[in-house]
2 protein chains.
Amino acid sequence: MAKADFSPIADTTRRAEIVALLRRAILTGQLAPGQKLNELRISEQMRVSRAPLREAMRELVQEGILTSIPYAGTFVIEVTAKDIDDAYSFNKVMDELAIERAWPLRDQRFFDELDRRHEAVKQATRALDTTRQIETALQLHGLIYEWADNSVLLETWQRLTSRLQMYFALHQHARNEPVPAEDVHETYVRLLKGKDMRAAQCHAREHIDLDFEELLAYARGLEQRPSRGA
Amino acid sequence: MAKADFSPIADTTRRAEIVALLRRAILTGQLAPGQKLNELRISEQMRVSRAPLREAMRELVQEGILTSIPYAGTFVIEVTAKDIDDAYSFNKVMDELAIERAWPLRDQRFFDELDRRHEAVKQATRALDTTRQIETALQLHGLIYEWADNSVLLETWQRLTSRLQMYFALHQHARNEPVPAEDVHETYVRLLKGKDMRAAQCHAREHIDLDFEELLAYARGLEQRPSRGA
DNA sequence: TCTTGTTAGATTGTCGACAATCTGCTTGTC
DNA sequence: GACAAGCAGATTGTCGACAATCTAACAAGA
């Protein structure tokens, strides 16, 4: 008898689809930080009633990318330099932990998946698809968390990912220049395949540094901007 | 002119109150793990309609203490030994980080607040109020996170706190014996006031160990139990 | 007996309408 | 002109009812 392991079927509620749509809109920068989400207008655009839309918004508030003020509205979170700095410095420590935990669990499947995700980043880079490039880079980075075999650690990473993706998207939008053609993840992947865990941890820390330094400079620049979107 | 700093007024939506009520019911063990939440029944008991109740439930799902299956229902999360182990090992690392970050920021206000929270634990212990004892102990523990000046770190701790409180409450319910009269936090507080950061970090790690070891043993005991609540 | 199709009941998901609240403008008064 | 009161208009919060889906019991057939 053939063993077939089926994955759970997709959630087919409107709410789940609305969550995905809104999240995408926020993380790609279609909805600017500070912008208010008008329930009636959005529900009409999506052709749904306000009930599932509001439930979806509650989820995104808890996810940390929306913020809600009773009787005033729900807004895309503002981004301050300190927010980015906090996320950055937290991420550094988390990365060290994740690599440490995932290290002894690496196997052929890990390496294959690593290559697959690396390839996805390179493809997005070649296609000049900046949104997808950010997305795939974070997925590549997230592999060590998936492999660390700690549900709390993974969940924390996933929450953080939302905001990181938003930050990087903002940055890209702001400077509005083509993505770097070079492969900045080459060393990261190579070290994760190697034998020196310390080296991998150090590189991860510095590699993150590079990306974040630019991001921080950008964020400091737009500090104290009103930024109520259209 | 006198400077008056007002705190924001309380959220006066039904949703916020429902969230608080449900969270309390879960964290104190009034709602058992795995138990299904019947929307109609709860909404009638609370004298509210299902709309704000459902929104509240969505928040708690994102908070990680409820889980939802479309068209099947919303349930209190199950607790496995691995969940507790994951939370425990994650917490150890986070604690070290929080102490490191909070250490240079300690001041008189920190020490005063430390004493205040320590006192609250001792009072709950004397009153044999186990629920409040767990709550205050976590608040005492949370001070280093509030002082670490990192929003992401603090938020992660707060999310974790919900589940920790639930785990400890379950444990207390299960063994159903009076709380220890001795003051287990004495050393922790003393070290946080001292000059040796490493010592404080080590103690935090071992201190957590003590509590968790018992908890883990308990969790391993009830593994593979069906546990669908009444 | 086991499997499959059907049906009734209960529960969740969604909708449209009403109530509560906020915002900005207008009006009147000093 | 400055300021407070009051009045629309718009928006959020809440409600009750309907539609979609699941579960479990039951009947029919191999």
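So that the names make sense, note that chain A is the first sequence line, chain B the second, and so on, each numbered from 1.
- When the P atom of D/dC22 is taken as reference, atom CD of B/E39 falls 15 Å away, rounded to whole Å.
- Applying the 6.0 Å contact sphere to CZ of B/R24 captures no more than 12 heavy atoms from other residues, nucleotides or ligands.
- In plain terms, the two heavy atoms of B/Q35 and B/Q30 that are nearest each other are OE1-O, 4.4 Å.
- Of the charged side-chain nitrogens involved, none lies within less than 4.0 Å of a carboxylate oxygen, so that A/E119 and A/R116 do not count as a salt-bridged pair.
- With sequence neighbours excluded, the residues forming a side-chain contact (heavy atoms from CB on, under 4.5 Å) with A/Q62 are B/E59, B/Q62, B/E63, listed by chain and number.
- B/I18 comes within contact range of no nucleotide atom at all, as no heavy-atom separation falls under 4.0 Å.
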> Would A/R50 and A/E44 satisfy salt bridge (Lys or Arg N to Asp or Glu O under 4.0 Å), going step by step from the backbone distance to the final call?
Replying inline: CA-CA 9 Å; A/R50 284 173 54 221; A/E44 282 170 354; over 6 Å; no
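- Side-chain contact annotation: A/Q108 with A/D112, donor-acceptor N/O pair under 3.5 Å present.
- When heavy atoms are screened at a 4.0 angstrom cut-off, A/L53 is found touching no nucleic acid atom at all.
- Nearest-nucleotide positions on DNA chain D for A/Y71 and B/A72 put A/Y71 closer to the 5' end.
- Aromatic ring pairs are classed by plane angle as parallel below 30°, tilted from 30° to 60° and perpendicular above 60°; the pair A/H185 and A/H118 is perpendicular.
- For DNA chain C, the contact window with chain A, defined by any atom under 4.0 Å from a protein heavy atom, covers C/dT14 to C/dC22 in 5' to 3' order.
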>> Is there a side chain to side chain contact (heavy atoms under 4.5 Å, CB included) between B/I84 and B/V79? Walk through the geometry before answering.
In response: CA-CA 7 Å; B/I84 295 178; B/V79 175; 3.8 Å; yes
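- For DNA chain D, the neighbouring residues in residues 42-51 of chain B, judged by any heavy atom under 4.0 Å, are B/V48, B/S49, B/R50, B/A51.
- At a threshold of 4.0 angstrom between heavy atoms, the contacts of B/R54 include nucleobase atoms, whether or not backbone atoms are also involved.
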